[in-house]
Structures are given as structure tokens and as C-alpha cells.
Amino acid sequence: MTVRVRFAPSPTGKLHVGNIRTTLANVLFAKKNKGTFVLRMEDTDTEREVQNAEQAMFRDLDWLDLTPDESPEKGGKYAPYRMSERAERGDYKKVVEHLMEIGRAYECFVTKDELALMRKIQRAAGKPPAYDGRHRNLTEEQKQKFMAEGKKPVIRFKFNDDEQANFKDLVRGDVSFEVKNLGGDPVIVRDNGVPLFTLAGVVDDINQKITHAIRGEDHVTNTAVQVQIFEALKAEVPTFAHMPMLTDIDGTKLSKRLDGLSIKELREGGYLPKAINSYLASLGFSTGVHIGSVEEIAQQFELDKMGRAPVRFDIEQLKRANAIILHDMEYKDVKPFIDGFIPENNLSTEKLEIFWKSIRENIELLTDIKEHFDICFGVFNGELLNEDDVSYIEQAVETLPHEPYTNDTWQKWMSELKQVSGRKGKSLFMPLRVALTGQQHGPELANLLPVMGEEVARNRLESALKK
RNA sequence: GUCCCCUUCGUCUAGUGGCCUAGGACGCUACCUUUUCACGGUGGAAACAGGGGUUCAAACCCCCUAGGGGAUACCA
């Protein structure tokens, strides 16, 4: 049996760290088991749909190197991959009719208001709010009467009340629910004829031969409900895996802040896909962050070792992973990601390579590049020179070597300045650092000097004198 | 309210009755290296939510309390 997994978002928002974590789990699980990763759009709720959300999701997944094997965009053996399209061709209708024939589905005319009232009463009595099955056995006459009143029915799935819903869960072990406290017969088709995800998800999983459903913990009760449907359809129940939710750093709530932490924002914030994937994949495990490509982290990925407790998302840890990756990244590898982070310029690739190499260990995020770029090539507001360093800098201007600059230019210049000025150690180089970069800290000047070039260096020294 | 799940260093966690003086990773910190910062190296501080049991012995088993998460839709 080939492993087939799916990520099934609804096009109602953007991808964020929470749902990327489950997507990633699907991808890693598929890769590790030489399986197939399917992307399915669950777009049955047209009211909540957001313009262009779908396209944005495709692009985010590509950027993260989590491109699905089968998707609405790519197609595949089990197309279409949008619920709306599958609804159009009658997939769900067929199943609903079948369920009604075998007595596992029925029309229900209870209105939303009546349901709300019922729940209110139940709650007040300290009972769990649940549909009480009052229209389970309507006669034809009763149905006609409701119709005549202008009421439109929903279709509910009929539970086997005294059964248990059991399923295998890779992270939680064997899970079992009493069907009787699942909330009563669930609606599977709205009064406008559109099926709900509860039903459609099951039908698609069957038709698309999904073997493992890896999703968030917020779906556990849904799963129990859906297990009943799988069984009623005499279909094999997939293996599940419910991952604990991500919480805020303070451990409370899956907050707006987190939901707001979209892939788009991380991208614009200077984070690399590799860092995001590596960090998210490490959450829930004891191994520490393995930094690697999707392919590499997939080999280490063991879903059954994942913890069951909610996990706090710590942006500092992500930042750290990002920094580690940046520190020994080659220019050619970082190049595809630096658009927008490095100002427009017509510097040669060679020069940019040297620049990158001399600053990479000093940055954590791609957004940090700009500051260093400005120091090397642009304008900066630096610290002022000390009074007693003025004459020293004048000596520096005089002795500044002419181009071409090489790796040992700085060395040679320093020996000369040492003799001329009689200075050494910190007092030798610190005034130069301040004059040249405007700061007391930064990458090695020996590396920076060839990057700047003679003209910039001379201008900097001279303008430092003028201040 | 009701049902499900969870609670070990700051963070992710190892740990399934004696190997725990509680281990690792990241962070933090000190020192070393370094003509700055960063990188790197070597050390260090740092946790069993609380209370009751059971046992010769409990982070591990049982009960209670507190706290957190999820669910409770004609959303997904």
C-alpha cells in the first residue's frame, strides 16, 4: 500500500505557522515513506472564501519547498482537487443518496433558531448541547407539512448511538469515543444542498485513496464523527495523527498574533524557508533542531515520537535557526532570497560575494543585510571622532593604499600606520573602524576594506575629519 | 457547563518504580580565542504544577486540586 496523505485547507485565509506545521508533517511523512502528498482545497463554504487565497497558498508552499505532488494546480490521478468541482460532478450527492437508502441519513426540518433554543435549554440544565434526534423518524406526512410551511430540510447522518468510534492515531495511540456524546446526528448537507466538510472530507479521502490523515488536534472530535461515516460506507478508516496545537509563547491561546504570523510576514521579515521548516519540524520532539533541507529532515522525522502537549511557538528559536543557516551560506545559495533585502545596485557579483562573506556571520535575518550594505556602500550616521584622533586620521588619509585591494592590503596599511603614528592595539584600529563604518562593532575591517574600495574609504576618512 | 487531551530547566523535550546527584538541544552565563562585534572552543546556572495516597523505593502507579489546550456550528 502506498502512503497517500493530504493537506486540505479552506481558501479562507493565509498560510501561517500553525497550518504550515501540519502541512510539513504531511510532507515529511510522505517523503519518509516514499508516498504521495496531495493538496485538496476544501472550498464548500463559499461565504467565507477569500479572493486569491488559493493562489497565495500555492506560492507559499512553493517558496517553502513543500510543493504538493497532486493539487488543483498540478492535477493528478484523482483530480479534481477542489471540493467545489467534486460537488459539481455529483460525488457527494451520490453518497448522500446511498446513505439515505440504507437508513443512515435523513431529512431534518429543525430550524437554526429552534436548535439554538434547544442548546440553550440543555446547557442551562447542565447537559451537553446536542441535537436530540427529534426528526429521525419523520413520516411522509410530517415532511410534507414542513415543506408546505416553506421549510427546507438539512440532511443529517444517523449515528449508531450505542457504538464507540475507534481509530488509530500515530501520536495519541488508540483513540475511542462514545458515539452518544459526540453531539448528536451531524448535519452533512446544508439546506441549500451544499455538503459539509464532515461528509465531503470522508468521501474525498475514500476516492482519493488517502491512507493517513495528519491534521491538528482541533479535529479529534471531527475524526470520531467521520469514523462513523467511513464505517457506514463500509470504507477502510485511514490512520490518523492529530498534532497538538501551537500556542503563544506564554502558553495561552492559539492567538491572533500566531495566526497573524503568516508565511508572507516571515518571508518579509527575513526568514529562510529552511529555518522555518527545520524549526517547525523539531517542535514536539526531543532531538533539537536538525537543520536541513526538506528531504534531509524527512529522514529524521518520526511522527510516533511526537509529544501530546500543546507547543509554544518561540520566534527566538526560529531566529536562531535562521542565523545558524545564514552564517555559513554561500552567496550563490542566498542570492535567490535576497531580493528586496539588498538595495538596488550595480556591483559586480564578485564584489557582492566578498561583501556577503564578510558580513554573513554578523547577521541573523536577511533584513540585517541592509545596515551592513549601507555601511559598505551607502550613507550612514556614524559616531563622532574623538578630538585626539583627528591627527591620527589625517595620517591615515595620507597613507591609505591605492587600489587594487587584496586580502592583505589592510595588513600592510596597518604596519605602515603603526610606524607613522606610533599607535598600536585598540587605539590603532578603533578610530579607523569608527571613521570607516561609523560604529564600534562590525565585521573585520581587513575584509571590509576591499569591499569598500579606495574611493569610499577615502571619502569616509575625510568626512570624518570634517565633522 | 459537558466531553477529550495535556502539565519535567526560559523554549523543545528524554524519562514507563530502583541506572535520576533528573539527560540532551537551543537560549542564558563565565572563561578561552579574537586589535571590535560576530563566529568558534571549554565550563556553569537552570526543571519533575500543588496536595494526598500505594510501595522498602515514585518524575514515573492511584486520587484530589490548580492551571493550559481542544471540542461542543447548516465553519473547516
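Not measured: the values here are computed from a predicted model. All chains are named by letter (A, B, ...) in the order of the sequence lines, taking the proteins before the strands, and each is independently numbered beginning at 1.
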> Just checking A/His242: base, sugar-phosphate only, or nothing, at a heavy-atom cut-off of under 4.0 Å?
Replying inline: nothing
> Across all strands shown, which nucleotide pairs with B/rC19 by Watson-Crick or G-U wobble geometry, both distances under 3.5 Å?
Replying inline: none
> Are A/Thr406 and A/Asp408 linked by a side-chain donor-acceptor pair shorter than 3.5 Å?
Replying inline: yes
> Does any donor atom in the side chain of A/Asp204 or A/Tyr78 lie under 3.5 Å from an acceptor atom in the other side chain?
Replying inline: no
> Is there a donor in the side chain of A/Arg433 and an acceptor in the side chain of A/Gln440, or the other way round, less than 3.5 Å apart?
Replying inline: no
> Given atom CG of A/Asp174 and atom P of B/rC4, what is their separation to the nearest angstrom?
Replying inline: 17 Å
> Whole-Å distance between B/rA25 C1' and A/Phe285 CZ?
Replying inline: 14 Å
>> Heavy atoms only, 4.0 Å cut-off, all strands: where does A/Gln317 land among base, sugar-phosphate and nothing?
In response: base
>> A/Arg4: which residues meet the salt bridge (charged side-chain N to carboxylate O under 4.0 Å, His left out) condition with it, sequence neighbours left out?
In response: A/Glu70
> Of the nucleotides B/rG69, B/rA38, B/rC74, which one has an atom closest to the side chain of A/Glu361?
Replying inline: B/rA38
>> Of the listed nucleotides (B/rC74, B/rU11, B/rU72), which one gets closest to any side-chain atom of A/Pro129?
In response: B/rU72
> Taking CG from A/Asp314 and P from B/rU13, how many angstroms apart are they, rounded to a whole number?
Replying inline: 12 Å
>> Checking base pairs now: Watson-Crick or wobble, both atom distances under 3.5 Å. What partners B/rU54?
In response: none
>> Counting only Watson-Crick pairs (N1-N3 plus N6-O4 or O6-N4) and G-U wobbles (N1-O2, O6-N3), all under 3.5 Å, who is the partner of B/rA46?
In response: none
>> From CD of A/Glu47 over to P of B/rA76, roughly how many Å is that when rounded to an integer?
In response: 10 Å
> So what does A/Val110 touch, heavy atoms closer than 4.0 Å: a base, only the sugar-phosphate, or nothing?
Replying inline: base
>> So A/Gly284, base contact, sugar-phosphate only, or nothing? Heavy-atom distance under 4.0 Å.
In response: sugar-phosphate
>> I need the CD-C1' distance between A/Gln226 and B/rA73, as an integer number of Å.
In response: 15 Å
> Going by atom types alone, do A/Tyr106 and A/Asp185 pair a side-chain donor with an acceptor below 3.5 Å?
Replying inline: yes
>> Within the 4.0 Å heavy-atom criterion, would you say A/Gly425 contacts the bases, only the backbone, or no part of the nucleic acid?
In response: base
> A/Gly183 near the nucleic acid: base, sugar-phosphate alone, or nothing, with a heavy-atom cut-off under 4.0 Å?
Replying inline: nothing
>> Heavy-atom nearest nucleotide on RNA chain B for A/Leu428 versus A/Asp43: which residue maps closer to 5'?
In response: A/Leu428
> Using a cut-off of less than 4.0 Å, is there contact between a side-chain N or O of A/Arg312 and OP1 or OP2 of B/rU11?
Replying inline: yes
> Which word best sums up how the rings of A/Phe109 and A/His135 line up, parallel for under 30°, tilted for 30 to 60°, or perpendicular for over 60°?
Replying inline: tilted
> Considering only side-chain heavy atoms of A/Leu283, which listed nucleotide, B/rU36, B/rA71, B/rC12, is closest?
Replying inline: B/rC12
> RNA chain B: A/Val289 or A/Lys426, which has the more 5' nearest nucleotide?
Replying inline: A/Val289
>> Over all strands shown, is A/Asp218 touching base, sugar-phosphate only, or nothing at heavy-atom distances under 4.0 angstrom?
In response: sugar-phosphate
> Going by distance alone, is a donor N or O of one side chain under 3.5 Å from an acceptor N or O of the other, for A/His242 and A/Thr223?
Replying inline: yes
> Hey, does the side-chain of A/Gln440 have a donor or acceptor N/O within less than 3.5 Å of a partner on the base of B/rU36?
Replying inline: no
> In the strands shown, is B/rU72 matched to any nucleotide by a Watson-Crick or G-U wobble pair with both distances under 3.5 Å, and which?
Replying inline: B/rG1
> Does any nucleotide pair with B/rC9 by Watson-Crick or G-U wobble geometry, both distances under 3.5 Å, and what is it?
Replying inline: none
> Quick one: which of B/rA71, B/rU13, B/rA76 gets closest to the side chain of A/Thr221?
Replying inline: B/rA71
For nucleotides 42-50 of chain B, list the nitrogen or oxygen atoms of the protein found under 3.5 Å from its nitrogen or oxygen atoms, one pair per line.
none

>> Categorize A/Ser427 for me: base, sugar-phosphate, or nothing, with a 4.0 angstrom heavy-atom threshold over every strand shown.
In response: nothing
> Tell me: CD of A/Glu114 to P of B/rA73, nearest whole Å?
Replying inline: 16 Å
> Between B/rC75, B/rC4, B/rC26, which nucleotide has the shortest distance from any of its atoms to the side chain of A/Arg172?
Replying inline: B/rC4
> Considering only side-chain heavy atoms of A/Asn362, which listed nucleotide, B/rC75, B/rA38, B/rG70, is closest?
Replying inline: B/rA38
> Are A/Thr198 and B/rA76 close enough that a side-chain N or O sits under 4.0 Å from OP1 or OP2?
Replying inline: no
> Which residues pass the side-chain hydrogen bond (donor to acceptor under 3.5 Å, both in side chains) test with A/Ser427, sequence neighbours left out?
Replying inline: none
> To the nearest angstrom, how far is A/Ile121 atom CD1 from B/rU2 atom C1'?
Replying inline: 17 Å
>> Between A/Arg172 and A/Asp304 (salt bridge meaning N to carboxylate O under 4.0 Å), is one present in this structure?
In response: no
>> Taking A/Asp328 first and then A/Arg360, would you say they form a salt bridge - that is, a charged N and a carboxylate O separated by under 4.0 Å?
In response: no
> Across all strands shown, which nucleotide pairs with B/rC37 by Watson-Crick or G-U wobble geometry, both distances under 3.5 Å?
Replying inline: none
>> If you only use heavy atoms from C-beta on, which nucleotide in B/rU2, B/rA14, B/rU72 is closest to the side chain of A/Ser286?
In response: B/rA14
> Touch check for A/Val154, heavy atoms < 4.0 angstrom, all strands: base, sugar-phosphate only, or nothing?
Replying inline: base
>> Quick check for you: among B/rC37, B/rC74, B/rA76, whose closest atom lies nearest to any side-chain atom of A/His441?
In response: B/rC37
>> With a 3.5 Å cut-off and heavy atoms only, can you find an N or O donor on one side and an acceptor on the other between the side chain of A/Asn222 and the base of B/rA71?
In response: no
> Does A/Trp413 have any side-chain hydrogen bond (donor to acceptor under 3.5 Å, both in side chains) partners at least two apart in sequence or in another chain, and if so, which?
Replying inline: A/Thr399
>> For A/Asp368, give me all partners under side-chain hydrogen bond (donor to acceptor under 3.5 Å, both in side chains), at least two apart in sequence or on another chain.
In response: none
I'd like a table of atom pairs between the protein and nucleotides 6-9 of chain B - only N or O on both sides, under 3.5 Å - with the distance next to each one.
unit_1, atom_1, unit_2, atom_2, d
B/rC6, OP1, A/Arg308, NE, 3.4
B/rC6, OP1, A/Arg308, NH1, 3.2
B/rC6, OP1, A/Arg308, NH2, 3.2

>> OP1 or OP2 of B/rA73 versus the side-chain N and O atoms of A/Arg119: is any pair under 4.0 Å?
In response: yes
>> Taking the minimum atom-to-atom distance to the side chain of A/Glu444, which one of B/rC37, B/rC75, B/rC74 wins?
In response: B/rC37
> Looking at the side chain of A/Phe197, which of B/rG69, B/rA76, B/rC39 is the nearest nucleotide?
Replying inline: B/rA76
>> For A/Arg82, run the side chain to side chain donor-acceptor pair (under 3.5 Å) check against A/Glu54, A/Glu42, A/Glu88 and tell me which one passes.
In response: A/Glu54
> Which part of the nucleic acid, if any, lies within reach of A/Pro244 when heavy atoms closer than 4.0 Å are counted: base, sugar-phosphate only, or nothing?
Replying inline: nothing
